[in-house]
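All remarks here apply to the structure that follows.
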Amino acid sequence: MHTISELSVLSTVEVGRTDVRLVRWGLSPSVAAVPEVRGRLRATLRDWPVTPDAVEVLLLAVSELVTNAVTHAALVTEVVRVALGLDGSWVWLEVGDDHPFLPGISDLPDEGAEGGRGLFIVGCAVAGLAGELGFLPGSPGKVVRVRLPAAP
């Protein structure tokens with residue numbers, strides 16, 4: 001369901017390509033960042049040629065990933081880094097923080113646990129659109145990436 005890679009998508013995009021769209025935001029690691037970034041992402045994707053299903057999965061993913069960064073990494077993170085990109089055939093979302101722990105996804109979340117379902121749900125939604133969910137070590141911290149086909 002998820003993949004691990006050494007490079008973020010943003011570092012592998014060819015410089016000078018005219019069909020690439022890229023937006024980056026830096027957000028304070030606070031609960032208020034979640035609805036703010038959802039609104040920014042929704043407004044940006046309104047003008048991009050991305051399927052409605054992909055938009056919904058990206059909105060779900062950004063909510064979960066920024067919430068996780070705020071919940072688990074705020075003490076060591078000054079800025080939560082969010083990037084959204086489109087290269088014509090793929091749309092991707094990357095959320096980075098400064099905590100070095102790479103999250104994992106269990107195949108079946110514990111029914112009695114208070115947490116641990118969010119990434120599982122995101123992973124299922126991403127897989128349902130033939131996309132990828134990846135965890136990338138960063139310097140500092142990590143990047144969590146969602147990559148989806150932009151068109152059906």
Side-chain angles (χ1 to χ4, degrees), residues 1-27 29 31-73 77 80-97 99 101-111 113-138 141-152:
M1 181 180 331
H2 62 281
T3 59
I4 298 175
S5 172
E6 293 298 317
L7 299 171
S8 74
V9 170
L10 297 179
S11 65
T12 61
V13 172
E14 294 176 31
V15 177
R17 283 185 52 183
T18 58
D19 63 336
V20 174
R21 298 181 191 196
L22 176 62
V23 179
R24 295 180 184 187
W25 301 291
L27 306 156
V31 175
V34 178
E36 178 183 346
V37 75
R38 273 183 64 87
R40 289 181 183 189
L41 189 133
R42 185 187 306 275
T44 301
L45 289 173
R46 215 175 273 137
D47 297 328
W48 289 14
V50 176
T51 66
D53 288 342
V55 170
E56 289 305 313
V57 170
L58 290 168
L59 289 169
L60 169 70
V62 80
S63 296
E64 177 63 22
L65 300 180
V66 173
T67 296
N68 283 352
V70 168
T71 303
H72 303 294
T77 302
V80 176
R81 300 169 303 278
V82 178
L84 178 67
L86 175 71
D87 71 1
S89 59
W90 291 92
V91 61
W92 66 87
L93 168 72
E94 293 186 352
V95 177
D97 62 53
H99 196 289
F101 175 72
L102 291 176
I105 301 175
S106 62
D107 290 333
L108 281 170
D110 181 4
E111 290 181 22
E114 290 184 27
R117 291 176 195 83
L119 278 177
F120 176 78
I121 292 168
V122 169
C124 290
V126 168
L129 294 182
E132 302 169 354
L133 173 61
F135 308 100
L136 316 159
K142 66 181 163 301
V143 173
V144 182
R145 175 185 64 216
V146 169
R147 187 170 173 257
L148 299 169

task: Output, in order, the C-alpha distance, side-chain angles, deciding distance and verdict of side chain to side chain contact (heavy atoms under 4.5 Å, CB included) for L27 and R40.
output: CA-CA 11 Å; L27 306 156; R40 289 181 183 189; 3.9 Å; yes
For [X] and [Y], which heavy atoms make the closest approach, and how far apart are they?
X: A151; Y: T51; result: CA-CG2, 3.7 Å
X: A150; Y: G88; result: CB-O, 4.2 Å
X: P149; Y: V91; result: O-CG1, 4.4 Å
X: L119; Y: E64; result: N-OE2, 3.8 Å
X: P49; Y: L86; result: CD-CD2, 3.6 Å
X: S63; Y: T67; result: O-OG1, 2.6 Å

Straight-line distance of [X] [atom1] to [Y] [atom2], nearest 0.5 Å:
X: R21; Y: W48; atom1: CZ; atom2: CH2; value: 7.0 Å
X: D87; Y: R147; atom1: CG; atom2: CZ; value: 7.0 Å
X: D53; Y: L148; atom1: CG; atom2: CG; value: 10.0 Å
X: R81; Y: R24; atom1: CZ; atom2: CZ; value: 10.5 Å

message: Here's a test for you: under side-chain contact (heavy atoms from CB on, under 4.5 Å), which of L93, V122, L129, T44 qualifies with L58?
response: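 Per the side-chain contact (heavy atoms from CB on, under 4.5 Å) rule, the option paired with L58 is L93, out of L93, V122, L129, T44.
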query: Of V80, L65, V66, which meets side-chain contact (heavy atoms from CB on, under 4.5 Å) against V34?
result: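 In the set V80, L65, V66, the residue that makes a side-chain contact (heavy atoms from CB on, under 4.5 Å) with V34 is V66.
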Mind checking whether [X] and [Y] have side chains closer than 4.5 Å, heavy atoms only?
X: L45; Y: L59; result: no
X: V62; Y: V146; result: no
X: L133; Y: V144; result: yes

query: Judged by atom type as modelled, is there a donor-acceptor pair below 3.5 Å linking the side chain of K142 to the main-chain atoms of D97?
result: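 No.
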